[in-house]
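Read the numbers this way: they start at 1 and go in the same order the structure lists the ligands and their atoms.
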Amino acid sequence: MIDLVIRSRRTVTPEGERAAAVAVRGEKIAGLYDYDAPLDAAEDIDLRDLALLPGLVDTHVHVNEPGRTHWEGFGSATRAAAAGGVTTILDMPLNSLPPTVNVAAFEAKLRAAEGQCHVDVGFWGGAVPGNVKDLAPLRERGVFGFKCFMSPSGVEEFPPLGDSELREALTEVAAVGGVMVVHAEDPALLGEPAGPTYREFLESRPGESERSAVARVVGLAARTGARVHILHVSSASCLEVLESAQAEGVAVTAETCPHYLTLAAEQVPEGATAYKCCPPIRSEANRDLLWDGLARGVLSCVVSDHSPSPADLKVPDFAAAWGGIASLQLGLPAVWTEASRRGYGLGDVVRWMSANPAAMADIPGKGGIKPGNDADLVAFDPAADNAVDAARLHHKNPVTPYHGRVLKGAVLTTWLRGRPVDDVPHGRFLLGEQ
Ligand SMILES: [Zn+2]
C-alpha cells in the first residue's frame with residue numbers, strides 16, 4: 001500500500017533529472033516509477049513541469065537557542081528552513097548560551113528545542129580549550145562531530161584553539177569518530193579594520209589568512225588521521241591547498257556559502273552591514289574561482305552559515321557590526337539564480353546542497369530521492385520570480401543582504417518524512433551514530 005505519490009517531469013534523483021513518480025509509504029520513499037505509471041495510492045499529486053527535489057541538508061546553521069533566542073530560535077529557524085526547502089539542519093554549538101561544549105549544555109539545548117522543530121535537527125558539539133575530555137561523551141550522546149575556531153569566534157564564551165590544542169582535539173576526533181569542522185582564518189594575519197568602510201573591513205581579513213589556516217588544518221589532519229571539513233571557504237586562494245591535499249588522500253572536504261557565490265565586494269553598499277560576515281565576501285574575480293572550485297569538486301557543499309542577529313547589532317559601521325549573514329530561507333533560490341545563469345542544472349545544486357552535506361556529516365536516510373531514504377521532498381518552481389522582502393521571511397529578525405533582490409525559483413511545498421510541513425512541528429532530533 002502506497003500513501004502518497006508525487007509525480008514530476010523534473011524529478012532530481014542521484015542519477016540526474018528525469019520524469020518520475022515517487023512513491024511514499026509511511027515516512028520513507030518506497031520506490032521510483034515512470035512518470036505516468038498507474039499506482040494505487042491514497043493521495044496522488046502531479047507537479048507536471050515543476051521540479052521535485054530532495055529536501056536540502058544545511059549543515060551550518062546558528063540557531064542561538066537557548067540564551068540568544070532573540071537572535072534566532074528553533075521555532076523560527078526551522079520554519080524558515082522548511083519554507084526554503086531545507087528539511088534537515090545541523091545546529092552550530094556557539095552563540096547559544098551555554099555553548100554546546102559538554103553533555104550538560106547539549107541536554108539544555110535538546111530541552112530548549114523539544115517540540116519546536118518543523119524540520120529534522122542534528123547538532124555539532126564544540127571543541128574549545130580545555131574540553132578534550134568532553135568530546136567522547138558528546139559524541140556518545142549523538143553530536144555528528146565538532147566545530148572549532150582558529151581565530152576569535154565573535155563571542156567570548158567560545159574561544160579558539162591554538163595549534164597544540166587543535167592537534168590534541170583532532171587526535172581525539174580520530175579516536176571517537178565524526179568530523180571536525182573548522183573555522184579557518186589565521187589570527188596572525190587578521191587585523192583590526194582601519195575604519196568603518198567595507199574596503200577597510202575586507203583589508204583586515206585577507207584571503208591569505210584563510211589559505212594559511214587551511215594549510216595548517218590539512219597538515220594536522222594528515223598527521224592525526226582525523227576527518228576534517230573546512231567551513232565557509234571565501235577565498236579562492238584555499239583551493240590549491242585543498243585540491244592537492246584531497247589528491248594525496250587527506251580526509252578533507254570543504255564548503256562555501258550562498259553569499260560568497262552570489263554576492264561580491266564590489267556591490268556591497270556603504271554601511272550595509274547585512275553583508276558583513278567572517279570571512280568576508282570578496283571580489284567578483286574571486287567569486288568566479290569559487291564556482292570553478294565547486295565545478296571541480298574541491299568545494300563539495302553549499303550551506304547557509306545562517307548567523308542572524310537583531311537589527312540593532314547591525315550598526316552601519318563594518319568595524320563594529322555583528323558579523324553574520326541570515327539566509328536560511330533563501331539559499332536555494334539564491335544559489336539557483338546564479339547557478340542557472342552559469343549553466344549549471346538542478347542536479348548540481350542538489351548535489352551541493354543536499355547529497356554532499358548529508359554525506360559529509362554522515363546523516364543516514366537524507367540527501368537524495370532514492371528508495372529507503374526519508375521522504376523529505378520539495379516542490380520547486382525553477383522559473384518563478386521570487387522578490388525578497390526581509391520582513392516576510394520566517395527568520396526572527398528581518399535582516400538579510402538579499403532584501404529587495406528578485407531571485408529565481410520558489411519553494412511551493414516541503415514534505416518532511418512524507419508529510420507536508422505545516423503549523424504543527426513534527427521535526428525530530430537526529431543523533432549521530434558512533
Ligand atoms: Zn558559522
Item to complete: Examine distances only and state if a side-chain atom of Asp381 and a backbone atom of Ala410 form a donor-acceptor pair shorter than 3.5 Å.
Response: no
Worksheet entry | Lys NZ or Arg CZ of Lys276 over Phe201 ring: under 6.0 Å, within 45° |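 Yes, Lys276 lies over the aromatic ring of Phe201.
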Practice prompt. Please collect all side chain to side chain donor-acceptor pair (under 3.5 Å) contacts where either partner lies in residues 334-346, sequence neighbours excluded, each pair once.
Written response: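 Listed by first then second residue: Asp288-Arg342, Glu338-Arg341, Glu338-Arg342.
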Item to complete: Output yes when Arg417 and Asp376 qualify as a salt bridge under the 4.0 Å nitrogen-oxygen rule, no when they do not.
Response: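 Here Arg417 does not pair with Asp376 in a salt bridge, since their nearest N and O are not under 4.0 Å apart.
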Worksheet item: Is any side-chain heavy atom of Pro196 less than 4.5 Å from a side-chain heavy atom of Phe318?
Response: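 The answer is no; the side chains never approach within 4.5 Å.
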Fill in: Within less than 2.8 Å of the Zn ion (ligand 1): protein N, O or S atom count
3
Discussion item. Which label fits Trp291 and Trp352: parallel for a plane angle under 30°, tilted from 30 to 60°, or perpendicular past 60°?
Written reply: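 Trp291 and Trp352: perpendicular rings.
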